[in-house]
Amino acid sequence: MANIIDIIPQNKEELDIFTALSEPQLLHYFEPEIGLFVAESPKVIERAMNGGYEPYALLMERKDIDGQMKALLERCGNVPVYTAEFDEITDITGFKLIRGALCAFRRKVLPKAEEVCRGARRIAVLENVVNPTNIGAIFRSAAALNMDAVLLTPACCDPLYRRSSRVSMGTVFQIPWTYLDSDRDYPQQLREMGFTTAAMALSDDSMSIDAPELANVEKLAVVLGTEGEGLADKTVADCDYTVKIPMSHDVDSLNVAAASAVAFWQLGR
């Protein structure tokens, strides 16, 4: 049974995990142990629970206890659930709860890349993608369009950041993912795991994304680069193929999230 706690000025500081702490502060909340992340909206919270993440605390309007959050609260055990009317939450915390509910979850230890990719046929690899909205959109496309796993270089934005998981509609909890140990020489690591690598980049020797030889690759890693600059030259040189999406009207590139959807659809089939 959830532990319902009315929000009053005296317990305001207990809500800092929802209203005041930054994403890095949440990440290190239990340091040296792994920390927390916050999920927004009932749909994302449900998918986090389904993904095996442990709720730590919740914040919601009072009407949602017997409303849209009722079934989820029954799965939370004796977790503190902070609640009040919308205006009361805003007055006490200065935070407008506009997406129905927030849940702080304990993070899990991330697996190794080899574990995530075991049995995978198609994977997405993200190099230095730093925008949380792009990360969320890429994960949503990866889950929907036949990618079996996602790997990220260390400089990428955290998929569990609040905006990332919200934009992904919780698919960050549905598709296996982890960070690579380094952003250097990872195409060779992928090759050692049996993957052929396809760098999404514009160059003189780029091949079209619908080239038949790409469809026939047994295990393919689709590699996408950072916003604006794209993949590092060394990454492109180290990959087995350089692949482009043919475009019209003299458009030279797509946003990385849009490009990922096209690439995953074509190369994941």
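- Hydrophobic cluster membership differs between Val217 and Phe195, with clusters built from Ile, Leu, Val, Met, Phe, Trp and Tyr side chains linked at under 4.5 angstrom.
- Using a 3.5 Å distance cut-off with no hydrogens or angles, the side chains of Asn50 and Arg75 do pair a donor with an acceptor.
- Taking 4.0 Å as the cut-off between side-chain N and carboxylate O, Asp185 and Lys234 count as a salt-bridged pair.
- Heavy-atom neighbours of Glu213 CD from other residues, nucleotides or ligands within 6.0 Å: above the threshold of 12.
- The two residues Ala149 and Val116 have their closest heavy-atom pair at CB-CG1, 3.4 Å.
- By the 6.0 Å contact criterion, NZ on Lys12 is open, its count of non-hydrogen atoms from other residues, nucleotides or ligands being 12 or less.
- Each of Val167 and Val150 belongs to its own hydrophobic cluster when Ile, Leu, Val, Met, Phe, Trp and Tyr are linked at side-chain heavy-atom distances under 4.5 angstrom.
- Cluster membership for Leu145 and Ile138, using ILVMFWY side-chain heavy atoms within less than 4.5 angstrom, is shared.
- Atom CG of Leu180 and atom SG of Cys156 lie 8.5 Å apart (nearest 0.5 Å).
- Between the Arg162 side chain and the Phe18 main chain, a donor and an acceptor come within less than 3.5 Å of each other.
- The environment of CG in Asn216 is crowded: more than 12 heavy-atom neighbours from other residues, nucleotides or ligands sit within 6.0 Å.
- One finds the SG atom of Cys239 at 7.5 Å from the CG atom of Leu190 (value rounded to the nearest 0.5 Å).
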Per-pair distances, 0.1 Å, donor-acceptor, side chain in residues 33-47, under 3.5 Å, sequence neighbours excluded:
residue	atom	partner	partner atom	Å
Glu40	OE1	Arg166	NH1	2.8
Ser41	OG	Val44	N	3.4
Arg47	NH1	Met169	O	2.5

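- Smallest separation of non-hydrogen atoms from Cys117 and Leu151: SG-CD1, 3.8 Å.
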Task: Check against ring pair (Phe, Tyr, Trp, His ring centres under 6.0 Å), Phe30 and Tyr56 - done: CA-CA 12 Å; Phe30 297 117; Tyr56 177 76; 5.5 Å; yes
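- Using modelled atom types and a 3.5 Å distance limit, the side chains of Gln174 and Thr171 yield no donor-acceptor pair.
- Side chain to side chain, Thr235 and Glu127 meet the donor-acceptor criterion of an N or O pair below 3.5 Å.
- Summarising the geometry, atom CG belonging to Leu102 is positioned 9.5 Å from atom OG1 belonging to Thr19; distances are rounded to the nearest 0.5 Å.
- Legend: ring-ring contact (aromatic ring centres under 6.0 Å, His included) pairs involving residues 216-269, not counting sequence neighbours: none detected.
- You'll find the side chain of Lys108 reaches within 4.5 Å of the side chain of Tyr53, heavy atoms only.
- Atoms CD1 and CD1, from Ile245 and Ile209 in turn, are 4.5 Å apart once rounded to the nearest 0.5 Å.
- Shown here for Asn134 and Ala257, the closest heavy-atom pair between the two residues is OD1-CB, 3.8 Å.
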Open item on the list: For a side-chain contact (heavy atoms from CB on, under 4.5 Å) check, start with the C-alpha distance between Leu110 and Tyr179, then their side-chain angles and the critical distance, and finish with the verdict.
Closed with: CA-CA 8 Å; Leu110 289 174; Tyr179 283 98; 3.6 Å; yes
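- In Glu229, the CD atom is not crowded: 12 or fewer heavy atoms of neighbouring residues, nucleotides or ligands sit closer than 6.0 Å.
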Open item on the list: Using side chain to side chain donor-acceptor pair (under 3.5 Å), reason through Ser203 and Ser206 one step at a time and then give a plain yes or no.
Closed with: CA-CA 5 Å; Ser203 68; Ser206 293; 3.1 Å; yes
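- Under a cut-off of 6.0 angstrom, the local environment of NZ in Lys112 is sparse, with at most 12 non-hydrogen atoms contributed by other residues, nucleotides or ligands.
- Arg121 CZ: more than 12 foreign heavy atoms inside a 6.0 Å radius.
- Looking at Thr83 and Glu61, their side chains never come closer than 4.5 Å, going by heavy atoms from C-beta outward.
- A side-chain donor-acceptor contact under 3.5 Å links Asp148 to the backbone of Arg122.
- Grouping the Ile, Leu, Val, Met, Phe, Trp and Tyr side chains by contacts below 4.5 angstrom, directly or via other members, places Ile17 with Leu15.
- Under the 4.5 Å side-chain heavy-atom criterion for grouping Ile, Leu, Val, Met, Phe, Trp and Tyr, Met207 is connected to Leu254 within one hydrophobic cluster.
- Closest heavy-atom contact between Lys219 and Gly194: CB-O, 3.6 Å.
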TODO: Evaluate side-chain contact (heavy atoms from CB on, under 4.5 Å) for Asp158 paired with Arg107, printing each intermediate quantity in order.
DONE: CA-CA 12 Å; Asp158 188 341; Arg107 288 175 175 264; 2.7 Å; yes
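- Partner of Met147 under the side chain to side chain contact (heavy atoms under 4.5 Å, CB included) criterion, chosen from Ile123, Ile175, Leu220: Ile175.
- Inspection of the Gln188 and Asp238 side chains reveals no N or O donor paired with an N or O acceptor under 3.5 Å.
- Taking every heavy atom of both residues into account, Tyr82 and Ala57 meet most closely at CE1-CB, 4.4 Å.
- Between the side chains of Asp240 and Thr196, no donor-acceptor pair of N or O atoms lies under 3.5 Å.
- Pairs of residues two or more places apart, or lying in two chains, that qualify as salt bridge (charged side-chain N to carboxylate O under 4.0 Å, His left out) and include a residue from residues 85-96 are Arg62-Glu85, Arg62-Glu88.
- For the residue pair Ala221 and Val125, the shortest heavy atom distance occurs at CB-CG2, 4.1 Å.
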TODO: Before giving the answer on side-chain contact (heavy atoms from CB on, under 4.5 Å), spell out for Leu27 and Leu160 the whole-Å C-alpha distance, their side-chain angles and the decisive distance to 0.1 Å.
DONE: CA-CA 10 Å; Leu27 177 63; Leu160 298 185; over 6 Å; no
TODO: Determine, stepwise, if the pair Leu73 / Val79 fulfils side-chain contact (heavy atoms from CB on, under 4.5 Å).
DONE: CA-CA 9 Å; Leu73 289 179; Val79 171; over 6 Å; no
